[in-house]
Student: 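Take this structure, written in structure tokens, and hold onto it; I'll ask about it next.
We use all heavy atoms of the structure for the numbers below, so side chains are in, but hydrogens, waters and symmetry mates are not. In what follows, every chain begins at residue 1, and chains take the letters A, B, ... in the order their sequences are listed.
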Amino acid sequence: MAPLLPGVDDSGSGSEQAHARKLALAGLALLALAGLSFGLSYLRLAAWALPIALLIALAKASLVLGCFMEFWREAVSVRLAALTALVMLLLLATFTIADVATRERPPLLPPEQAALTPLTPTGALPP
Amino acid sequence: MYELLRRLFFLPRAATELARAIDALHFVVIGTTLLGSLAIAAAAIWLITRYRSDVVRPTPHQSARASREWLLALAVVSAFLAAWVVGYKQFLRFHEPAPNAFTVYVTAKQWMWKFTYPDGRSTTDILTVPEDQPLELVMTSRDVIHSFYLPGFRAKQDVLPGRYVTLSLGAARAGNYRISCAEYCGISHYAMSGELRVLPAREFQAWLEAGSPDQNSSLVELGRTASARHGCFACHTDDGQTHVGPTWSGLFGSEVLLADGTRVLADAAYLTRSMMDPQAEIVAGFQPVMPTYLGSLPQPEAAAIVEYIRSLRRAEREPNPTLPTVQVAPPDAGATRSSAP
Amino acid sequence: MSELADHFDSPERQAHAARLGMWVFLGSELLLFAGLFTLYGAYRTKFPAEFAEGVRHSTKLLGSLNTAILLVSSSFAALAVEQLRRARRGRALGLLLATQACGVVFLVLKFIEYSKHFALGIYPGGQGRFFAAHASAHFEPFWTLYFLTTGLHALHVAVGILVLAFTTLALGRGSFGPKFIHPVHNATLYWHLVDLIWIFVWPLYYLA
Amino acid sequence: MTTTFEPELRVVPSAPPRVRDLAREWLLTRDHKRIGILYFAATSLALALGGTFALLLRIEHLTPGPTIVSPATYDRLFTLHGVTMVWLFLIPSIPTAFGNYLVPLQIGAREVAFPRLNLLSFWIYVFGAAFVLCAMGLGGLDTGWTFYVPYSSSAPSAVVPTLVGIFIVGWSTILTGVNFIVTIHTMRARSVSWMRLPLFTWAIYGTSIIQVLATPVLGLSLLIVMLDHAFSWGLFDAARGGDPVLYQHLFWFYSHPAVYIMILPAMGVISEVVSTFAHKNPHSYRAIVYATLGIAFVGFLTWGHHMFVAGMSVFDAGAFGVLSMLVAVFSAIKVFTWVATLRNGSIMLKTPLLYVFAFLFLFVFGGMSGVAVATMSLDVHWHDTYFVVAHFHFIMVGGALTAWLAALHYWFPKVTGRSYSERVGMLAAVLVSAGFFATFFPQFLLGNAGMPRRYYSYPPEFTALNVASTLGSWLLASGLLLALFGLAHAFLFGPPSGDNPWRSRCFEWRTASPPPTHDFEQVPSFELDAYDYTTPWPEEPSLDSSAEEPS
Ligand code: HEA
Ligand code: HEA
Ligand code: CUA
Ligand SMILES: [Cu+2]
């Protein structure tokens, strides 16, 4: 496989070469995952389709981060910076989606108030 | 005491029980604010005078004990959380569906308030309601965001285009209350005001009878024809039979079980939401197939249909309710979308 | 351009500063897209059916091809840095050029995708005959978000290409060597971020 | 980066070479101190503009009906005032002017990490600010500083150019933030470990994190509004299934953290001034550091408290309510620490400390009124009334602007090497505080009485309180002018101050005042902590503080 890929060759010291091979492998794994995701999209997974696709995306993202961006080799400060940004993204999304998802229903009423008996017919107007 | 504090704080007369409760919390929180900031200032003055020195001397290195810091933080946070708990409970009351409510539809547009009553009549900028009956507003906007503000009720709710929002106000004391628009909505924002008149029951009845002489068909009747015209009966019935959708008979005021397991009270607000945003709350056992009527069903007709559905539970006992006659504005020409696919 | 600016006391510190600066900036970029992902989630919660249907109307094959292209380009970029570390400037240059070529192909395909949408009468903002024909459902949020997200992403691809091009030029002029590669590294980091974002855009708008 | 940066710019082509050189030396400088001073000049200009707009607003409210301007002009004025004050003055003011000048000095560095980026970011700011002001001055904008859709997407005014300008200024904010984060991480002198950093630097660090993470979200929301206004994309248009409340989520996700961008640097100033003038270590250094970081992070979780009545779900409203209470605790911890620092101190009562005193009272009042508006049922009444206007002016003027003045007086000798007149300074401080209180306290009561904000005219029963507020604003303005006059006079004619007139131990005072071009003749070892006042410095006679008083 190695000669097929530009940038990977057999010269150089062992560990350097291993690293280049690792990168190439990561690239292939990414393509394979993308293929998997693509294939799965033809199955009728209904409600599961999105979570599964996102999980695969997460796996791909970890590959890019870990292998290409050398995330784990960076200084702690760098990792913290990236992590903070991610956390903020999740916060923004969570609270905003929670708003849309929980609107127009007061779920926090005590049950005895929520469970009202049918109204008197003259509810509309005072006698 | 309450009256004194209320005047001291420049608060307008409170119209409802809830407004008074909110004022009580107000006094506690602002009282703490005043005392707290004065205490901090006093402490600072005292320390500055006490330790002021003309010669700069070395000072001892001091460090706070962590346990004390935590205790202090805990004390402050519990005070704040207490305020939140009380405040949240009161806040929820603005959103609780009230049994027996007198429901008014509010349409906001630049720069006026339009009110549609249960009997179908409409007024602009002046809202007249009976005393001692909980008041519920179902509101929407025709253009930008406005905010319906009743200082006397300590109540406010943004009014949004394309959505129905509700505001439960509780039963009010008789009197006149100022209505303002509190969300900036353009050049005449400051002039978008109105008045809420709460009348004792007898006077209200008189007001009802005095108004609208030239109305010729009951709101319920109008609701029935509107339903037919908009094709509701393709899926709904008024005689108790289940069709594509649930029957309307006996629906109003009942408790509806939704597909996600929660229960809601079928009040005017719920019914309106069902028409305008049917996908939001799906009745258990039905498919989410009902189209939205947002934009195609004008406000007065929606109100009429709700009144019609409301009438369907007493139809068995009390045919032909003697509701005052109504006049409904012509179908909204400004509706942006047709319902036909 | 000399390798060490006079206010830094060591090359390591300078490299660390450059990398940290880049990562912090990438975090900032991520939050630019955070708003779009958030809007996607919120509108999808509101209109689940329309979104599912919208995904079915998207140009899935082209979009997936673009995914593959970006993934490959990212691998090239990573390998380029690796080659540079081993002082193989020629190979590194080639790989960087290949990365940019991938980016250009991506943009061309994107352009084709857009013209296909336009041909169907799908324009941003719910304009076009597609929306007139589906007036009872709300497809507008999906498509407007689609154009906004992919458009902004494409803009980032374009900027990434420019950044890489400048880096390649500087590399060709011999500004960087094995000890001084963090400008190249930073340029590829930016490219990887563009890739990362696409990795999530793709399933959301094309697959499910 | 040692090669000369060839300036192509001919600033004043026909001017004699000396002026040209001077202009080039300043306008293209990469010296963090000079950039700080440039920023100071630019942001002060913004303050003067914004303040002038504010005075006009107040004059309009002298009578219930029309007074000096038309409704359309009034709407443009409050938008101009808000936009100028927030983006052109308060957000950049302390971090860019004082931060640029002092952070390198406080960490024992000779420069910020990216000096050229720093200069670039200044010019981006100037360009963006000019853009905003031209757009709003020529085209007018009447949406308020919040640009709520759908009004802003159809408002008949210069929406797009103004937002483009703010977008540009946002870039400057982000670049500055990146620069400071990297500087503080990588440029510290060897002996300056994290837990020895001066507190002002910590504050700038926390601020920068917010700047970097929040500003892009503002950029996106403005972009969407622009696309809507220009091309009718209508992403928030209800007729097309859009939801205007989502815009508010995005906007406040930026703008609530942005209020901490405004207050954190101010708090940093207070920490320094209290410690220096009490000549004592902060009562708890760690508490302040952790509270700074706490505010920076938890501050991201409370944006929804601006939307309690906006049609948000009651579940979300409750969550944001409780989180707002949590963030307030960090501020309380800081306040208690500052007060406790005064204990057992050796206090030198000078103008900056007087401002700190005003800050303590006004910030606690304003902050607690923030807790009050975060109490959900109370906010239903207060939202979008003058109560909220009073809340944020108490914090932004009574807190941040006061701290800005404190910083100005505190570091004046550091920057100019001259001392100002304490008598004028103190008189101005008293005038500013009294004027401030008279301006904004009545606004709390107006809010209680139910006067909505952004109102051109108001019912006559509100007249008395409004007049009081307007009179107060004149007192406030004269106080500010007096303070500026005092400093300008001292800048030209003030006597030399010596290197360390306040006997501070903080790191920036361990070099000459004003500092040499490369900050330190030789970077000191900083053996003594920044807040170690337990020993007298050997070379420093324990001075009679009255000897400092300029004649
Ligand atoms: C620098 C700016 C700044 C700062 C720091 C704050 C700080 C806070 N703000 Fe404020 N706020 C604004 C600027 C700011 N705000 C602006 C500009 C608006 C209006 C925007 C618009 O609509 O145009 C606004 C609006 C605003 C609202 C919305 C009101 C409405 O529109 O309805 C709310 C609601 O919760 C709020 C809450 C808070 C809280 C809880 C804090 C807390 O962080 C405060 C914490 C501080 C303290 C709590 C003081 C210290 C406490 C003590 C020392 C304790 C003393 C002890 C006891 C008495 C027990 N703010
Ligand atoms: C940093 C923020 C900041 C600051 C410092 C101020 C300062 C002041 N503000 Fe501002 N204000 C806001 C931020 C700020 N404001 C915001 C965000 C809004 C909301 C806008 C909106 O609704 O969209 C607002 C709204 C607002 C309103 C409400 C308008 C309305 O809703 O209708 C009012 C009304 O009184 C007001 C008054 C004042 C006054 C009197 C001052 C005074 O403190 C000003 C004092 C300053 C001066 C007087 C300048 C002094 C200097 C000179 C005069 C120099 C002269 C010139 C040279 C030497 C060249 N402000
Ligand atoms: Cu309607 Cu303001
Ligand atoms: Cu806030």
Side-chain angles (χ1 to χ4, degrees), chain C residues 1-10 12-43 45-47 50-51 123-127 131 135 137-149 151-152 155, chain D residues 1-3 30 32 104 109-117 174-175 177-183 185-190 208-209 211-221 223-224 227-228 231-237 239-243 245-247 249-251 253-254 518-519 523:
Chain C
M1 186 174 320
S2 96
E3 301 197 354
L4 182 63
D6 59 356
H7 58 283
F8 284 103
D9 52 15
S10 74
E12 292 78 49
R13 268 201 175 194
Q14 188 176 9
H16 179 48
R19 296 258 281 278
L20 179 62
M22 192 64 198
W23 275 92
V24 172
F25 181 70
L26 294 188
S28 192
E29 285 278 3
L30 185 64
L31 273 139
L32 181 65
F33 284 90
L36 290 168
F37 288 124
T38 300
L39 287 176
Y40 181 93
Y43 279 127
T45 311
K46 258 188 132 165
F47 305 110
E50 278 93 340
F51 270 62
Y123 293 91
Q127 292 150 7
F131 299 97
H138 280 304
F139 284 114
E140 300 93 334
F142 176 85
W143 284 109
T144 308
L145 271 178
Y146 167 85
F147 282 111
L148 197 58
T149 311
L152 202 62
L155 193 69
Chain D
M1 277 165 238
T2 41
T3 49
R30 272 170 274 149
H32 66 99
R110 297 216 137 106
E111 249 310 335
V112 292
F114 309 119
R116 271 195 297 180
L117 200 65
I174 294 177
L175 295 181
V178 172
N179 209 342
F180 280 136
I181 292 179
V182 177
T183 303
H185 266 280
T186 62
M187 306 289 290
R188 281 172 288 128
R190 297 242 176 265
S208 305
I209 294 178
Q211 287 182 338
V212 165
L213 293 179
T215 313
V217 180
L218 174 74
L220 181 78
S221 31
L223 182 70
I224 297 179
L227 287 172
D228 198 3
F231 308 114
S232 180
W233 277 31
L235 189 53
F236 300 118
D237 177 4
R240 287 176 258 175
D243 181 350
V245 177
L246 292 178
Y247 166 79
H249 275 293
L250 292 186
F251 181 82
F253 179 83
Y254 161 78
H518 273 279
D519 289 3
V523 177

Student: Please enumerate all residues that pass ring pair (Phe, Tyr, Trp, His ring centres under 6.0 Å) together with C:Phe37, with sequence neighbours excluded.
Tutor: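 Ring pair (Phe, Tyr, Trp, His ring centres under 6.0 Å) check on C:Phe37 returns nothing, list empty.
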Student: Go through the structure and list residues passing salt bridge (Lys or Arg N to Asp or Glu O under 4.0 Å) with D:Arg188, not counting sequence neighbours.
Tutor: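 Listed in chain order: nothing, the list is empty.
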Student: May I ask you to name which of D:Pro104, D:Ala109, D:Ser232 has the most heavy-atom pairs under 4.5 Å with chain C?
Tutor: D:Ser232
Student: Is the backbone of D:His518 close enough, under 3.5 Å, to the side chain of D:Arg110 for a donor and an acceptor to pair up by distance?
Tutor: yes
Student: Say whether, by atom type as modelled, one donor and one acceptor occur between the side chain of D:Asp228 and the main chain of D:Gly234 under 3.5 angstrom.
Tutor: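 Looks like yes, one N/O pair under 3.5 Å.
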Student: Looking only at heavy atoms and a cut-off of under 4.5 Å, which of C:Phe25, C:Tyr43, C:Phe33 has the most pairs with chain D?
Tutor: C:Tyr43
Student: Taking every non-hydrogen pair under 4.5 Å, which of D:Ile174, D:Asp243, D:Ile181 racks up the most with chain C?
Tutor: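 Looking at each option in turn, the highest pair count goes to D:Asp243.
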Student: Chain D heavy atoms under 4.5 Å from C:Glu50: which part of the residue, side chain, backbone, both or neither?
Tutor: neither
Student: Is the centre of the C:Phe51 ring less than 6.0 Å from the centre of the C:Tyr40 ring?
Tutor: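 Between C:Phe51 and C:Tyr40, the centre distance is under 6.0 Å.
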Student: Considering only heavy atoms, which portion of C:Leu152 lies under 4.5 Å from any heavy atom of chain D: side chain, backbone, both, or neither?
Tutor: side chain
Student: D:Phe236 versus chain C, heavy atoms under 4.5 Å apart: side chain, backbone, both or neither?
Tutor: both
Student: Look only at the side chain of D:Arg240 and the backbone of C:Gly125, and say whether a donor-acceptor pair between them is shorter than 3.5 Å.
Tutor: yes
Student: Counting only non-hydrogen atoms closer than 4.5 Å, does C:Leu20 touch chain D with its backbone (N, CA, C, O), its side chain (CB onward), both, or neither?
Tutor: both
Student: Has C:Glu140 got a side-chain atom pairing as donor or acceptor with D:Leu235's backbone, closer than 3.5 angstrom?
Tutor: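 Side chain of C:Glu140 to backbone of D:Leu235: no pair is present.
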Student: Can you tell which part of D:Leu223 gets under 4.5 Å to a heavy atom of chain C, answering side chain, backbone, both or neither?
Tutor: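 It is the side chain, since no backbone atom gets that close.
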Student: Can you tell me which portion of D:Ile209 sits under 4.5 Å from chain C's heavy atoms? Options are side chain, backbone, both or neither.
Tutor: neither
Student: Parallel, tilted or perpendicular: which describes the rings of C:Phe142 and C:Tyr146, with under 30° parallel and over 60° perpendicular?
Tutor: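 C:Phe142 vs C:Tyr146 ring planes: parallel.
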Student: Go through D:Gly219, D:Gly242, D:Ala214 and name the one with the most non-hydrogen pairs under 4.5 angstrom from chain C.
Tutor: D:Gly242
Student: Among C:Met22, C:Glu29, C:Gln127, which residue has the highest count of heavy-atom pairs closer than 4.5 Å to chain D?
Tutor: C:Gln127
Student: Please state whether the side chain, the backbone, both or neither of D:Leu218 comes within less than 4.5 Å of a heavy atom of chain C.
Tutor: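 Answer is neither: D:Leu218 stays 4.5 Å or more from chain C.
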Student: Can a donor-acceptor pair be found, under 3.5 Å and without considering hydrogens, that links the side chain of D:Ser221 to the backbone of D:Val217?
Tutor: yes
Student: Quick check on D:Leu220 against chain C: is it the side chain, the backbone, both or neither that has a heavy atom closer than 4.5 Å?
Tutor: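 Answer is both: backbone and side chain atoms of D:Leu220 are under 4.5 Å from chain C.
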Student: Contact part of C:Ala17 toward chain D, heavy-atom cut-off under 4.5 Å: side chain, backbone, both or neither?
Tutor: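 For C:Ala17, heavy atoms of backbone and side chain both lie under 4.5 Å from chain D.
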